[in-house]
Amino acid sequence: SALAAGSHTVTFSDVTNTATAGEYNPSMRSTSTPSNFRDGAPFTITTPTEKISAVSIIPSATTAGETTDYDVSFTTTESIGTCGTIALNFDTEDGVGASNAGFRLEGATMTSSTVNGTLEVTQNDTVAKITPSAELATGDYTITLVGVTNPSTVGTYVVKMTSLAS
């Protein structure tokens, strides 16, 4: 059916913004006049501030190929709501990519007396995403990832912790 003449509002939900900060200028066109672009009002994407500091990640065992637990302590500098996520990225020291690191989180679980939430393992079983079921106010928190398999190759590895939009 045809769209009546006049002013209309279109709302997009659950859109992921680009990771590149800067000014953007959206445009729109219709299929009936595809060469007729209409510019929208410009808007600015900003770099988010990190909401996590004072991160400590300690494995129970560092033996290659061993399944072990990882104790994770951190401080939130801003609250993280129930729409936010905390991500732990198990990677190689040079950051080549988690899929090359050899960590396996498949079947891992999370325990905590300070964080209630769900654990989702993504990206070739090397990223742990924790979504809190209640807001994490500014403060200190500790979680344990149970059942993480260390890489089978001896080497230096890193675990990066970040907070995603809240």
Side-chain angles (χ1 to χ4, degrees), residues 11-26 43-166:
T11 303
F12 297 95
S13 299
D14 297 323
V15 175
T16 302
N17 287 335
T18 179
T20 306
E23 187 171 293
Y24 293 86
N25 194 6
F43 63 93
T44 301
I45 301 283
T46 58
T47 303
T49 58
E50 185 54 61
K51 297 180 177 189
I52 295 176
S53 67
V55 175
S56 171
I57 302 172
I58 302 171
S60 297
T62 57
T63 305
E66 185 171 345
T67 300
T68 189
D69 300 341
Y70 278 73
D71 293 322
V72 181
S73 300
F74 60 97
T75 300
T76 56
T77 56
E78 293 181 37
S79 65
I80 299 175
T82 57
C83 292
T85 303
I86 299 165
L88 291 153
N89 183 5
F90 290 73
D91 205 348
T92 56
E93 181 181 34
D94 60 6
V96 169
S99 62
N100 298 323
F103 285 98
R104 290 293 169 249
L105 279 69
E106 182 180 16
T109 59
M110 177 188 79
T111 62
S112 178
S113 62
T114 58
V115 177
N116 292 320
T118 57
L119 172 68
E120 176 189 8
V121 176
T122 63
Q123 297 181 1
N124 296 319
D125 298 330
T126 58
V127 175
K129 289 186 177 180
I130 300 160
T131 304
S133 56
E135 180 178 294
L136 300 181
T138 302
D140 298 327
Y141 296 92
T142 303
I143 61 171
T144 300
L145 293 179
V146 178
V148 176
T149 302
N150 289 331
S152 58
T153 304
V154 174
T156 303
Y157 299 90
V158 296
V159 181
K160 302 170 192 168
M161 185 175 201
T162 58
S163 63
L164 306 174
S166 180

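Model, not experiment: these values are computed from the prediction. Position 1 is the first residue of the sequence; numbering continues from there.
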Any [X] side-chain heavy atom under 4.5 Å of [Y] side chain:
{"X": "F74", "Y": "I86", "answer": "yes"}
{"X": "K51", "Y": "T76", "answer": "no"}
{"X": "V115", "Y": "L136", "answer": "yes"}

Original post:
Can you list every pair that meets side-chain hydrogen bond (donor to acceptor under 3.5 Å, both in side chains) and has a residue in residues 113-122, with sequence neighbours left out?
Top reply: S112-T114
Original post:
What's the verdict on side-chain contact (heavy atoms from CB on, under 4.5 Å) for R104 and T126, showing C-alpha distance, side-chain angles and the deciding distance?
Top reply: CA-CA 6 Å; R104 290 293 169 249; T126 58; 3.7 Å; yes
**OP:** Write out all pairs satisfying ring-ring contact (aromatic ring centres under 6.0 Å, His included) with one or both partners inside residues 104-136, taking only residues at least two apart or from two chains.
**Re:**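 For residues 104-136: none.
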Original post:
Roughly how far, to the nearest 0.5 Å, is OG1 of T67 from CG of L105?
Top reply: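 If I round to the nearest 0.5 Å, the distance is 10.5 Å.
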**OP:** Kindly compute the distance separating NZ (K129) from CG (L119), expressed to the nearest 0.5 Å.
**Re:**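 If we round to the nearest 0.5 Å, K129:NZ and L119:CG are 11.5 Å apart.
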Just list the side-chain donor-acceptor pairs under 3.5 Å for residues 137-148, sequence neighbours left out, or say none.
from	atom 1	to	atom 2	distance (Å)
D140	OD1	T75	OG1	2.6
Y141	OH	A137	N	3.0
Y141	OH	A137	O	2.8
T144	OG1	D71	OD1	2.8

**OP:** Would you sort out whether T68 and Y70 count as a side-chain contact (heavy atoms from CB on, under 4.5 Å), showing the intermediate values?
**Re:** CA-CA 7 Å; T68 189; Y70 278 73; 3.6 Å; yes
**OP:** Quick one: closest heavy-atom pair of G65 and T149, and the distance?
**Re:**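 In terms of heavy atoms, the two residues are closest at O-CG2, 3.7 Å.
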**OP:** Provide the closest heavy-atom pair for G81 versus P132 in the form atom of the first, atom of the second, distance.
**Re:**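 Result for this residue pair: O-CG, 3.6 Å.
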**OP:** Walk me through it: do F103 and N150 pass the test side-chain contact (heavy atoms from CB on, under 4.5 Å)?
**Re:** CA-CA 5 Å; F103 285 98; N150 289 331; 4.0 Å; yes
Compile the donor-acceptor pairs under 3.5 Å between side chains in residues 56-64 and protein atoms, sequence neighbours left out, one pair per line.
from	atom 1	to	atom 2	distance (Å)
S60	OG	D69	O	3.3
T63	OG1	E66	OE1	3.2

